[in-house]
Asks: 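Below is one structure. I have some questions about it.
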Amino acid sequence: MLKVSNKEVRVRFAPSPTGELHVGNIRTALFDWAYARHTGGKFVFRIEDTDTERVTDEYIQAALGTLRWLGLDWDEGPEVGGPYGPYLQSQRLDIYAKYAKQFLDEGFAYHCYCSAEELEAVREAQRAANVAPGYNGHCRNLTSEQIAAYVAEGRKPVVRMLMPEGSTTFTDLIRGEVSFDHNFVPDFVLVRADGSPLYTLAVAVDDVLMKITHVLRGEDLLSSTPRQIRVYQAMGVAPEDYPLFAHLPFVMGQDNAKLSKRNGEVSIAWYRDAGYLPEAICNYLALLGWSPGEDREDVTMKELTELFTVERVHSSPARFDIKKLEAINGDKIRALTPNSFFDWAMPFLTRANVVTGTASEIELVKKALPIIQERIATLSEIPPMLKFLFTQDFAVESDSASKISDEQSKKVLQASLDRLAGLTEWNHAAIESVLRAALIEELGLKPRIAFGAVRIAVTGSHISPPLFESMELLGAAKSLERIKAALLI
RNA sequence: GGCCCCGUCGUCUAGUGGCCUAGGACUCUGGCUUCUCAAGUCAGCUACGAGGGUUCGAAUCCCUUCGGGGCUACCA
């Protein structure tokens, strides 16, 4: 039975930045963060960079930037420090070395001189014999003569943990009791031949030293848990002080399985550049493997911290569906205040070279944003939608041009031009009223036909923000000029 | 192959023995609204993987089976 503890909750997110963080990583980070905030505990951010071959400083920086952008603030970790630092494993090598030596001295681990080739041969044989694969314990009880011989050969040993007979059983907060027979948990390597530590050592040592109380991580680490627990035992940690484990279900790609570049495994930076809001990404990701219940789906970051519990995380994997993310993003955009929508929009407009940022442009942007706020799902749709208001070299889109080259369109445009030219007050209500009179009543046309032609002439496309508002914002001079020009198409 | 995890509409999920002729959301289809596109709104399609039990009663408990996934590294 789980013991109720009144210790302060300490949760860690400990990625190994061998690439940019993707939605799966972030979902884990989000749950870690939400759980820490929900319980009033600490959110610890640790970098697992023991794999020096694959982890790069660039990826580490990107990881920090991603969490910050998403609003997942950490209480301890890189840049902010904390009482149990350093929080980069590459800076804790002496600590791991100390424990490795201690395990060796106390008989929990031993030197293994087997070469990669020998190990591979053993695995081959095991596969062929159809028995459980894993280290065969060859170096467990080497005599001093054997050791001397290996050393003489120039072999450098790894440090290998000795898994005793028996089994390891623990209670996963999401999956219940899980048990592994040690026959299927072979002796594992703690320290490489070059003296550098492996994840298996570092993760367990750090979780203990950093006083981590809850380990919420991906399901792929479920089967490494017995190894981690063995390290706790070697460290002399009492069972009641082991962290509690909760293995989160996978986030999988659109179609079948595994996240890939094609479906979801793209960096969060990609989503940022594509115009997704942090709140939307977090809200959507929160729904992958968790739900607030009561037919609710829309949650703010604050609500997430209030509602999130591991009890409501379920055990089956979830498919990443960008369509739903998009829908949620649209909802979040619509919920933005005018000021904050403006703040989000400007970088997209400048990056797309639609505006440069002059005072007059900003004024126009502020007037234009309200008419498009409810018609977009991502911020990247803003530039193409507002381009017609700012462009210096206006031209009707080629596929729309053909729709206004017929006789009827010419009549519509000419009539519009005549009436609009006489307009003394240039505002959307006035524009609408004269155009309705001229096109709908006098020419007897259907609104969609009549206004469609004007829309193409003025905005350059058959899809645009509301026509009359668009014309008001464009101004009389440009609007008339464009209609005139369209007459010549 | 072995070990471990998982299995409700196409997708995310609600559901912890009777409230379930299974609810919500996204997608899709159709309608309304309508100056286009959206938004809004109404309706529709579609699910408890299968087979056995237990029980008055099962999506919910048990067993088997099938299917999916993970691990099986001097990666994490």
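In what follows, every chain begins at residue 1, and chains take the letters A, B, ... in the order their sequences are listed.
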Asks: Rounding to an integer number of angstrom, what distance separates C19(B) and A59(B) when you compare their P atoms?
Replies: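 My reading of the P atoms in C19(B) and A59(B) gives 9 Å.
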Asks: For the pair made of CZ in F245(A) and C1' in G70(B), what is the distance, rounded to whole Å?
Replies: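 After rounding, the gap between these two atoms is 17 Å.
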Asks: Under the salt bridge (charged side-chain N to carboxylate O under 4.0 Å, His left out) rule, collect the residues that match up with R12(A), sequence neighbours excluded.
Replies: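 Testing R12(A) for salt bridge (charged side-chain N to carboxylate O under 4.0 Å, His left out), a comparison that skips the adjacent residues, returns D207(A).
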Asks: Please enumerate all residues that pass salt bridge (charged side-chain N to carboxylate O under 4.0 Å, His left out) together with K101(A), with sequence neighbours excluded.
Replies: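 So K101(A) forms a salt bridge (charged side-chain N to carboxylate O under 4.0 Å, His left out) with D105(A).
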Asks: Is the shortest side-chain N/O distance from H314(A) to OP1 or OP2 of U13(B) below 4.0 Å?
Replies: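 True: H314(A) side-chain N/O within range (under 4.0 Å) of U13(B) OP1/OP2.
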Asks: Quick check: on RNA chain B, is the nucleotide nearest H462(A) upstream (toward 5') of the one nearest R160(A), or the reverse? Name the residue that is more 5'.
Replies: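 Here H462(A) is the residue nearer the 5' end.
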Asks: Looking at G70(B), G15(B), C35(B), which one has an atom nearest to any side-chain atom of R312(A)?
Replies: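 So the nucleotide nearest the side chain must be G15(B).
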Asks: Using the C1' atom on both, measure G67(B) against A73(B) and round to a whole Å.
Replies: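 Between the two C1' atoms, the distance is 29 Å.
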Asks: Tell me, yes or no, whether the heavy-atom count around K387(A) atom NZ, taken from other residues, nucleotides or ligands under 6.0 Å, exceeds 12.
Replies: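 No.
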Asks: Choosing from A76(B), C75(B), C12(B), which nucleotide comes nearest the side chain of R54(A)?
Replies: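 Minimum distance to the R54(A) side chain belongs to C75(B).
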Asks: Just the rounded figure in Å: distance from P of C74(B) to CG of L93(A).
Replies: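 Computing the L93(A):CG to C74(B):P distance gives 19 Å.
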Asks: In whole angstroms, how far is the P atom of C6(B) from the CD1 atom of I174(A)?
Replies: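 Value for this atom pair: 10 Å.
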Asks: Across all strands shown, which nucleotide pairs with A14(B) by Watson-Crick or G-U wobble geometry, both distances under 3.5 Å?
Replies: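 Partner of A14(B): none.
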Asks: Searching all strands shown, indicate the nucleotide that pairs with C28(B) (Watson-Crick or G-U wobble; both distances under 3.5 Å).
Replies: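 The base-pairing partner of C28(B), which may sit in any strand shown, is G44(B).
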Asks: Within 45° of the six-membered ring axis of F308(A) and under 6.0 Å from that ring's centre, is NZ or CZ of R312(A) located there?
Replies: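 Ring-cation test returns no.
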Asks: Between K332(A) and D298(A), is the closest basic N to carboxylate O distance under 4.0 Å?
Replies: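 So D298(A) pairs with K332(A) through a salt bridge.
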Asks: What nitrogen or oxygen pairs link the protein and nucleotides 21-25 of chain B at under 3.5 Å?
Replies:
from: G23(B); atom 1: O2'; to: D295(A); atom 2: OD2; distance (Å): 3.4
from: G23(B); atom 1: N2; to: D295(A); atom 2: OD1; distance (Å): 3.2
from: G24(B); atom 1: N2; to: E297(A); atom 2: OE2; distance (Å): 2.7
from: A25(B); atom 1: O2'; to: E297(A); atom 2: OE1; distance (Å): 2.7
from: A25(B); atom 1: O2'; to: K324(A); atom 2: NZ; distance (Å): 3.3
from: A25(B); atom 1: N3; to: K324(A); atom 2: NZ; distance (Å): 3.0

Asks: In whole Å, I'd like the distance from the CZ atom of R319(A) to the C1' atom of U13(B).
Replies: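 Between C1' of U13(B) and CZ of R319(A): 12 Å.
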Asks: Starting at CG of D181(A) and ending at C1' of C71(B), how long is that distance when rounded to a whole Å?
Replies: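 Going from D181(A) (CG) to C71(B) (C1'), I get 16 Å.
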Asks: Below the 4.0 Å mark, does A14(B) have OP1 or OP2 next to a side-chain nitrogen or oxygen of S291(A)?
Replies: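 The answer is yes; a side-chain N or O of S291(A) sits under 4.0 Å from OP1 or OP2.
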Asks: Please verify the inter-ring angle class for H111(A) with Y113(A); under 30° counts as parallel, over 60° as perpendicular, anything in between as tilted.
Replies: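 Because their plane-to-plane angle lies in the 30° to 60° range, the rings of H111(A) and Y113(A) count as tilted.
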